[in-house]
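All ligand and atom numbering here is 1-based and tracks the order in the structure. Nothing here was measured: the structure is a model prediction, and the numbers come from that model.
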Amino acid sequence: MSEVIHVGSGKVRELYALDEERLLLVASDRISTFDVVLPTEIPDKGRVLTGLSAFWFARTRDIVPNHLHALRPDGRSTECRRLEMLPIECVVRGYLAGSGWKDYRATGAVCGHALPEGLVESARLPAPIFTPATKAQEGHDENITRDQAAELVGRKLFDEAERVSLALYRYAAEYAAERGILIADTKFELGLDANGELTLGDEVLTPDSSRFWPADGYATGGAQPSYDKQFVRDFCDAAGWDKEPPGPELPSDVVDGTRARYVEAFERLSGIPFADYVADPDVVLE
Ligand code: Q0Z
């Protein structure tokens, strides 16, 4: 048997090298909130995220090529082409939330995009904006202007990354909204393949790489509930946790409710029963 080399750990994912050209991305069932990984897992969370990501890869090939090579039968592992990743996070925002809202409130702009006056928290933007960020080794990614990002990757690649990111967001946000999920913002990781072609990597358009809101009950002027993590956040708030590690263990009703929300997001977006995905992950690629 050949050695599989562990090359990286994220908060909730692991990365292995299969050979010179291929990596294995494994999504665990770990969940993080307020930047802390909790001691309790959410069963099938890794499968939901892997399946959703593959679903979007299959449907956005005409917008940009991607790294997906194959899904493993476990449903949580993606064999992918090794890319040379760009040193920026390609963030797109359709709504004002998180650091976008914070920056707008302080300066009236986000990453150099001057926005209309009078926008409130969670407002839909007149048009989606590309808001790149640096890749922090630890701590939080930092928003940068388009000019700073262009300096990091070069003008030509920057323009292509922006165009592709906006096109991906527009396609997915419209598709998801029709199915009851608002994608407030999302982060893409782009890289260059062996031929120097801009290629979409990592995981895409999942609740871990995006802010998903229920379309039902959407209202501006305040924060929106998280589609996937709201039960966890409510429990953590009620538990009086100070947000310092370690986080609290989750009770079974919070685990079950959260698992149901992940599965619901998968089924709404893909239109595929989650059990069918577990039986054969390749159903999301058809
Ligand atoms: C993804 C990450 C994870 C830790 C590198 N196709 C690719 N080619 C080159 N690099 C990557 C990919 Cl996906 C790559 N990450 C993020 C994932 C654990 C870090 F599971 N880092």
Side-chain angles (χ1 to χ4, degrees), residues 3-33 35-38 41-42 44-61 63-92 132-142 149 152-154 157 160-161 164-165 168 172 185-211 228 245 262 281 284-285:
E3 289 288 287
V4 176
I5 298 164
H6 185 236
V7 294
S9 285
K11 279 207 289 278
V12 300
R13 299 177 303 158
E14 304 297 335
L15 195 57
Y16 301 88
L18 294 174
D19 56 41
E20 292 285 278
E21 292 100 46
R22 274 172 211 182
L23 299 174
L24 187 71
L25 201 55
V26 183
S28 74
D29 291 338
R30 299 194 292 274
I31 186 168
S32 73
T33 190
D35 289 326
V36 175
V37 177
L38 300 181
E41 296 193 330
I42 306 300
D44 293 322
K45 173 175 177 280
R47 285 196 177 108
V48 163
L49 269 51
T50 299
L52 256 186
S53 206
F55 170 80
W56 291 118
F57 280 136
R59 269 151 196 80
T60 59
R61 272 191 198 119
I63 298 174
V64 61
N66 61 67
H67 75 166
L68 176 68
H69 177 64
L71 291 171
R72 290 262 168 110
D74 65 10
R76 68 171 65 256
S77 311
T78 306
E79 293 179 16
C80 52
R81 288 189 288 151
R82 196 193 284 257
L83 307 174
E84 192 179 325
M85 305 309 292
L86 303 190
I88 57 169
E89 308 279 8
C90 294
V91 178
V92 181
T134 57
K135 287 187 181 181
Q137 284 308 312
E138 48 190 270
H140 279 135
D141 298 339
E142 203 178 316
L152 285 170
V153 303
L157 259 183
E160 211 185 341
V164 156
S165 298
L168 288 167
D185 50 47
T186 195
K187 176 176 86 180
F188 300 111
E189 302 258 5
L190 290 160
L192 299 177
D193 74 2
N195 301 314
E197 290 256 29
L198 193 67
T199 305
L200 183 59
D202 211 55
E203 68 171 295
V204 290
L205 297 159
T206 69
D208 272 16
S209 67
S210 319
R211 205 173 254 115
D228 45 303
Y262 280 106
V284 294
L285 306 178

> Checking Ser28 side chain against Val12 main chain: does a donor-acceptor pair fall under 3.5 Å?
Replying inline: yes
Ligand 1 atoms nearer than 4.0 angstrom to some heavy atom of Glu14 are 20 (F)
* **Candidate pair Asp208 and Tyr262, rule side-chain contact (heavy atoms from CB on, under 4.5 Å), full reasoning** => CA-CA 10 Å; Asp208 272 16; Tyr262 280 106; 3.9 Å; yes
Keeping His6 on the side-chain end and Gly8 on the backbone end, is there a donor-acceptor pair under 3.5 Å? yes
Margin query: Would Gly8 count as being in polar contact with ligand 1, using the rule that some N or O on each side must be under 3.5 angstrom apart?
Written below: no
The salt bridge (charged side-chain N to carboxylate O under 4.0 Å, His left out) partners of Arg13 (sequence neighbours excluded) come to Asp202, Glu203
Looking only at protein heavy atoms, what sits closest to atom 10 (N) of ligand 1 is Met85 CG, 3.6 Å
Any heavy atom of Leu25 under 4.0 Å from ligand 1? The part involved is side chain
Please determine if Glu14 and Arg30 form a salt bridge, counting it only when a charged side-chain N lies under 4.0 Å from a carboxylate O.
yes
- Should Glu79 and Arg72 count as an ion pair when the cut-off is N to O under 4.0 Å? yes
* Would you call Asp228-Lys45 a salt bridge at under 4.0 Å N-O? -> no
Any heavy atom of His67 under 4.0 Å from ligand 1? The part involved is side chain
Look at Arg76 together with Asp29 and state whether they make a salt bridge at an N to O cut-off of under 4.0 Å. yes
By side chain to side chain contact (heavy atoms under 4.5 Å, CB included), Asn66 pairs with (sequence neighbours left out) Phe57, Arg61, Leu68, Leu200
protein heavy-atom neighbour closest to atom 14 (C) of ligand 1 works out as Leu15 CD2, 3.7 Å
TODO: Determine whether any heavy atom of Gly201 lies closer than 4.0 Å to an atom of ligand 1.
DONE: no
Closest heavy-atom approach to atom 6 (N) of ligand 1 among Lys11, Arg82, Arg22, Arg81 is made by Arg81
The closest protein heavy-atom partner of atom 18 (C) of ligand 1 is Gly10 N, 3.2 Å
Exercise. Do Arg81 and Asp193 sit within salt-bridge range, that is, some charged N less than 4.0 Å from a carboxylate O?
Worked result: yes
Ligand 1 atoms nearer than 4.0 angstrom to some heavy atom of Asp202 are 1 (C), 13 (Cl), 15 (N), 16 (C)
Counting heavy atoms under 4.0 Å, the part of Val26 that contacts ligand 1 is neither
The protein heavy atom nearest to atom 2 (C) of ligand 1 is Arg13 NH2, 3.7 Å
* Has ligand 1 got any nitrogen or oxygen that is less than 3.5 angstrom from a nitrogen or oxygen of Ser9? -> no
Ranking Leu24, Leu200, Leu83, Leu23 by closest non-hydrogen atom to atom 12 (C) of ligand 1, top hit is Leu23
Under 4.0 Å between heavy atoms, the region of Glu189 that gets near ligand 1 turns out to be neither
